[in-house]
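Structure first, then comments.
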Amino acid sequence: MKKVITYGTFDLLHVGHINLLRRAKELGDYLVVAISTDEFNAIKNKKAYYPFEDRKQILEAVRYVDKVIPENTWEQKIKDVQDNNIDIFVMGHDWEGKFDFLKDYCEVIYLPRTEGISTTKIKSDLGLKNPQ
């Protein structure tokens with residue numbers, strides 16, 4: 001079985017998120033999604049509209065997702081890859097090169113983002129504060 005992992009906040013789920021999850025799942029048989037906890041978002045100066053537990057429940061309902069785990073720190077990725085027997089790490093191409101250190105543990109793939117959509121844009125369009 002080929003296992004894939006991706007990371008994100010996954011707030012205000014939109015078609016860009018679905019495209020990433022679908023393409024990640026197409027690369028393997030089992031998709032693990034690590035979502036940023038509220039505490040980790042605070043460290044990154046981000047604030048999600050939905051709390052962690054709601055975002056987790058929403059992602060668990062997406063058919064491409066097999067398992068959801070919390071992302072608590074930047075440094076946990078190697079351990080997550082090892083603990084979950086991950087074969088492929090996937091991120092959006094805007095992170096290109098940032099996770100190449102994982103190539104010692106698994107394949108690293110940067111996928112193109114869906115043009116014209118992002119959580120930041122949605123929050124901005126809705127006039128929400130802190131559109132990170």
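Using a 4.0 Å cut-off between charged side-chain N and carboxylate O, Glu71 and Lys77 make a salt bridge. For Asp66 and Lys25, the salt-bridge test passes: some basic side-chain N is under 4.0 Å from an acidic carboxylate O.
A single hydrophobic cluster is not seen to contain both Leu31 and Val108; linkage of ILVMFWY side chains at heavy-atom distances under 4.5 Å, directly or through other members, places them apart. Clustering ILVMFWY residues whenever any of their side-chain heavy atoms sit less than 4.5 angstrom apart, transitively, puts Phe10 in a cluster other than the one holding Trp95. Criterion: ILVMFWY side-chain heavy atoms under 4.5 Å apart, direct or through other members. Under it, Leu27 and Val81 are not part of a common hydrophobic cluster. There is a path of hydrophobic side-chain contacts, each under 4.5 Å, that joins Leu102 to Tyr30.
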Inset, instruction - Test side-chain contact (heavy atoms from CB on, under 4.5 Å) on Ile35 and Lys56 and set out the steps. - result: CA-CA 7 Å; Ile35 59 170; Lys56 182 176 186 283; 3.8 Å; yes

Legend entry - Steps toward salt bridge (charged side-chain N to carboxylate O under 4.0 Å, His left out) verdict (Glu107, Lys103): CA-CA 6 Å; Glu107 184 178 357; Lys103 290 181 178 180; over 6 Å; no

Legend entry - Verdict with supporting geometry, Arg113 and Asp94, side-chain contact (heavy atoms from CB on, under 4.5 Å): CA-CA 8 Å; Arg113 292 180 67 98; Asp94 52 325; 3.1 Å; yes

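You'll find the side chain of Asp87 stays beyond 4.5 Å of the side chain of Cys106, heavy atoms only. Proximity of Ile69 to Val32: side-chain heavy atoms (C-beta onward) are separated by under 4.5 Å at one or more points. Side-chain contact check for Leu20 versus Val90: some heavy-atom pair is nearer than 4.5 Å. Proximity of Phe99 to Met91: side-chain heavy atoms (C-beta onward) are separated by under 4.5 Å at one or more points. Thr73 has its side chain out of reach of Lys79: every pair of non-hydrogen atoms, C-beta onward, lies at least 4.5 Å apart. Between Arg55 and Asp11 the shortest side-chain heavy-atom distance falls below 4.5 Å. Side-chain contact between Tyr105 and Ile78: present, with at least one pair of heavy atoms (C-beta onward) separated by less than 4.5 Å. Within the 4.5 Å cutoff, the side chain of Leu13 has heavy atoms near those of the Val62 side chain.
Of all heavy-atom pairs between Leu21 and Leu59, the closest is CD1-CD2, 3.7 Å. Taking both residues in full, the closest heavy atoms of Ala48 and Thr9 are given as CB-CG2, 4.1 Å, listed atom of the first, atom of the second, then distance. Residues Lys3 and Asn84 approach most closely at CD-O, 3.0 Å, considering heavy atoms.
At least one donor-acceptor pair closer than 3.5 Å links the side chain of Gln76 to the backbone N or O of Pro70. For the pair Arg23 (side chain) and Ile18 (backbone), a donor-acceptor distance under 3.5 Å is absent.
Inspection of the Asp100 and Tyr110 side chains reveals an N or O donor paired with an N or O acceptor under 3.5 Å. Between the side chains of Ser36 and Lys46, no donor-acceptor pair of N or O atoms lies under 3.5 Å.
Atom CG of residue Asn85 and atom CD1 of residue Ile5 lie 11.0 Å apart, to the nearest 0.5 angstrom. The line from CD of Glu53 to CD1 of Ile58 is 11.5 Å long, rounded to the nearest 0.5 Å.
The environment of OH in Tyr50 is sparse: at most 12 heavy-atom neighbours from other residues, nucleotides or ligands sit within 6.0 Å. The local environment of CD in Glu96 is crowded, with over 12 non-hydrogen atoms from other residues, nucleotides or ligands closer than 6.0 Å.
Taking the six-membered ring for Trp and thresholds of 30 and 60 degrees, Trp74 and Phe40 have ring planes more than 60 degrees apart, a perpendicular arrangement.
Under the ring pair (Phe, Tyr, Trp, His ring centres under 6.0 Å) criterion, Tyr7 pairs with Phe89, sequence neighbours left out.
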